[in-house]
Amino acid sequence: MLPKQWKVGSLIILMIFLLLFLMQNTRVVFQEKQLEDPRNDDLNEHLMEIKQNERKLLLRRPNIRRKAALEVLTPWLAPIIWDGTYDLRILNNQFKGKRIGLFVLAVKKYIRFLLPFLESAEQHFMVGYSVTYYAFTDNTAAVPKISLGAGRTLNLLEVEADKRWQDISMKRMQILVNLTHDRLPKEVDYLVCADVDMVFNDHVGVEILGDLVATIHPGFFLTQRNELSYDRNPESAAYIPYGEGDFYYMAAFYGGTVEEINKLSTFCHKGIVADKKKNIEAVWQEESHFNKYLFFNKPTKVLSPEYIWDTNLPNGDLVKKRRFLAVHKNHIDVRN
């Protein structure tokens with residue numbers, strides 16, 4: 001038989017252990033509920049800290065070399081938008097009441113992509129904001145009807161389709177020149193331009209808005225400068241010499257104020273026209289001229305590959321959020 005005092009002592013120790021266990025678990029549960037509570041003012045701060053720490057750990061992996069595209073600031077101190085690098089609550093207050101336009105071109109067989117593009121935009125793009133879609137197409141009758149949310153409008157606008165897909169691609173700049181000069185200054189504050197053969201897959205909100213915003217090409221975000229896919233023909237207006245440039249931007253998702261998009265599209269259109277007079281076509285058509293403009297006119301905000309991604313690309317483990325996804329398709333089929 002154990003002495004009575006031993007029994008009492010053991011009971012006290014057990015009670016203390018149980019009390020400490022309950023206190024610890026209560027504290028953990030309380031902290032978790034705090035993080036889950038959207039009314040908690042510290043919510044975004046906690047989540048941002050967690051995501052930033054995850055990012056730091058990711059970049060410390062021995063197989064990852066430090067690349068400018070993986071940072072959160074460009075050399076000219078423009079933010080590079082990755083998940084966890086912004087406080088959406090503050091940005092929503094900053095951009096409250098702003099009118100946003102979304103420009104897209106859907107001609108010929110690319111019309112098939114317009115409905116899923118718009119449906120995904122209704123789910124993920126600028127939810128809660130006034131959005132006007134400017135969809136240019138050569139066949140408005142072929143566009144299916146879509147139910148839009150409150151404050152969201154679809155404008156279907158007629159445009160003639162060129163025979164070659166390269167010319168169709170370059171025509172976007174000419175359309176944008178006219179649209180941003182004549183109509184949009186009275187209708188929207190910011191314009192976002194996107195490829196139609198894409199779908200929104202996650203939140204895309206006001207964190208992407210700025211005077212001039214461009215997205216790093218997901219296929220080149222780890223590429224050395226001399227290997228970037230700039231136009232290297234000195235005769236082209238899009239020419240960028242080896243050893244120059246910052247990032248290679250993809251002309252599938254970019255935006256800015258109406259004034260800035262007018263400047264960008266005017267520059268690109270003039271470059272395309274100048275090349276045509278020399279019987280030259282830039283290596284990536286309007287995207288080459290787009291990169292030339294951004295070489296001289298640095299974006300005020302840069303979007304990470306989260307904002308353009310293709311699930312067939314390597315290094316997907318570096319891109320935790322896939323907000324705007326390429327639709328897999330037969331390129332030969334849709335371009336003929």
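The basis for the numbers below is simple: all heavy atoms, side chains too, and nothing from hydrogens, waters or symmetry mates. Keep in mind that what you see is a predicted model, and the values were worked out from it rather than measured.
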Beyond-backbone contact of [X] with [Y], side-chain heavy atoms, under 4.5 angstrom:
{"X": "Ile308", "Y": "His217", "result": "no"}
{"X": "Phe103", "Y": "Leu184", "result": "no"}
{"X": "Pro79", "Y": "Thr85", "result": "no"}
{"X": "Val206", "Y": "Gln94", "result": "no"}
{"X": "Val213", "Y": "Leu209", "result": "no"}
{"X": "Ser304", "Y": "Val319", "result": "no"}
{"X": "Leu88", "Y": "His203", "result": "yes"}
{"X": "Ile100", "Y": "Met126", "result": "yes"}

State whether a side-chain donor-acceptor pair under 3.5 Å links [X] with [Y].
{"X": "Glu281", "Y": "Gln285", "answer": "yes"}
{"X": "Thr311", "Y": "His328", "answer": "yes"}
{"X": "Asp275", "Y": "Tyr239", "answer": "no"}

Looking only at atom types and distance, does a side-chain atom of [X] sit under 3.5 Å from a main-chain N or O of [Y], one as donor and one as acceptor?
{"X": "Lys292", "Y": "Ala237", "result": "yes"}
{"X": "Lys278", "Y": "Glu235", "result": "yes"}
{"X": "Thr300", "Y": "Leu212", "result": "yes"}
{"X": "Thr266", "Y": "Asn262", "result": "yes"}
{"X": "Trp82", "Y": "Glu71", "result": "yes"}
{"X": "Glu306", "Y": "Asp83", "result": "yes"}

Do [X] and [Y] belong together in a cluster built from hydrophobic side chains that touch within less than 4.5 Å?
{"X": "Phe113", "Y": "Val204", "result": "yes"}
{"X": "Val127", "Y": "Met198", "result": "no"}
{"X": "Phe290", "Y": "Val273", "result": "no"}
{"X": "Leu294", "Y": "Tyr307", "result": "yes"}
{"X": "Ile280", "Y": "Ile272", "result": "no"}

Could you work out, with side chain to side chain donor-acceptor pair (under 3.5 Å) as the rule, every residue matching [X], not counting sequence neighbours?
{"X": "Lys298", "answer": "Asp246"}
{"X": "Ser147", "answer": "none"}
{"X": "Asn93", "answer": "none"}
{"X": "Ser229", "answer": "Trp284"}

Legend entry - Asn279, CG atom: more than 12 neighbouring heavy atoms under 6.0 Å: no
Inset, instruction - Inspect the surroundings of CD in Glu160 and state if more than 12 heavy atoms from other residues, nucleotides or ligands are less than 6.0 Å away. - result: no
Give, for atom [atom1] of [X] and atom [atom2] of [Y], the distance between the pair rounded to the nearest 0.5 Å.
{"X": "Asn155", "Y": "Phe136", "atom1": "CG", "atom2": "CZ", "value": "9.0 Å"}
{"X": "Leu313", "Y": "Phe220", "atom1": "CG", "atom2": "CZ", "value": "10.0 Å"}
{"X": "Gln174", "Y": "Ser265", "atom1": "CD", "atom2": "OG", "value": "10.5 Å"}
{"X": "Ile146", "Y": "Leu114", "atom1": "CD1", "atom2": "CG", "value": "8.0 Å"}
{"X": "Tyr293", "Y": "Leu264", "atom1": "OH", "atom2": "CG", "value": "5.5 Å"}
{"X": "Leu70", "Y": "Leu222", "atom1": "CG", "atom2": "CG", "value": "5.5 Å"}

Pairwise salt bridge (Lys or Arg N to Asp or Glu O under 4.0 Å) hits with a residue in [range], at least two apart:
{"range": "residues 189-199", "answer": "Arg99-Asp189, Arg172-Asp195, Asp197-Lys329"}
{"range": "residues 134-155", "answer": "Glu122-Arg152"}
{"range": "residues 220-233", "answer": "none"}

Legend entry - The single option from Tyr230, Tyr249, Tyr248 passing side-chain hydrogen bond (donor to acceptor under 3.5 Å, both in side chains) against Glu287: Tyr248
Inset, instruction - Apply side-chain contact (heavy atoms from CB on, under 4.5 Å) to the pair Arg323 and Leu303, showing each step before the final yes or no. - result: CA-CA 11 Å; Arg323 303 179 187 276; Leu303 304 183; over 6 Å; no
Inset, instruction - Determine, step by step, whether Leu228 and Ile240 satisfy the side-chain contact (heavy atoms from CB on, under 4.5 Å) criterion, reporting the C-alpha distance in whole Å, the side-chain angles of both residues, the deciding distance to 0.1 Å, and the verdict. - result: CA-CA 10 Å; Leu228 295 175; Ile240 297 177; over 6 Å; no
For [X], check salt bridge (Lys or Arg N to Asp or Glu O under 4.0 Å) against everything at least two apart and list the hits.
{"X": "Glu187", "answer": "Arg183"}
{"X": "Glu207", "answer": "none"}
{"X": "Asp202", "answer": "Lys321"}

Closest contact, heavy atoms only, [X] versus [Y]:
{"X": "His289", "Y": "Phe267", "result": "O-CE2, 3.7 Å"}
{"X": "Leu102", "Y": "Ala121", "result": "CD2-CB, 4.4 Å"}
{"X": "Ala106", "Y": "Thr137", "result": "O-OG1, 2.8 Å"}
{"X": "Ser288", "Y": "Ala282", "result": "CB-CB, 3.6 Å"}
{"X": "Pro185", "Y": "Leu179", "result": "CD-O, 4.4 Å"}
{"X": "Ala142", "Y": "Ile111", "result": "O-CG2, 4.0 Å"}

Legend entry - Verdict with supporting geometry, Ile81 and Tyr86, side-chain contact (heavy atoms from CB on, under 4.5 Å): CA-CA 8 Å; Ile81 306 302; Tyr86 55 88; 3.7 Å; yes
Just list the side-chain donor-acceptor pairs under 3.5 Å for residues 250-261, sequence neighbours left out, or say none.
residue, atom, partner, partner atom, Å
Thr257, OG1, Glu260, N, 3.2
Glu260, OE2, Lys263, NZ, 3.4

Inset, instruction - List, by chain and then residue number, the residues other than Leu73 in its hydrophobic cluster (Ile/Leu/Val/Met/Phe/Trp/Tyr, side-chain heavy atoms under 4.5 Å); write none if there are no others. - result: Leu77
Inset, instruction - Hey, can you tell me if Phe117 and Phe324 have their rings parallel, tilted or perpendicular (30° and 60° cut-offs)? - result: perpendicular
Inset, instruction - Could you check Asn201 against His124 for side-chain contact (heavy atoms from CB on, under 4.5 Å), going step by step and ending with a plain yes or no? - result: CA-CA 7 Å; Asn201 186 60; His124 300 294; 5.6 Å; no
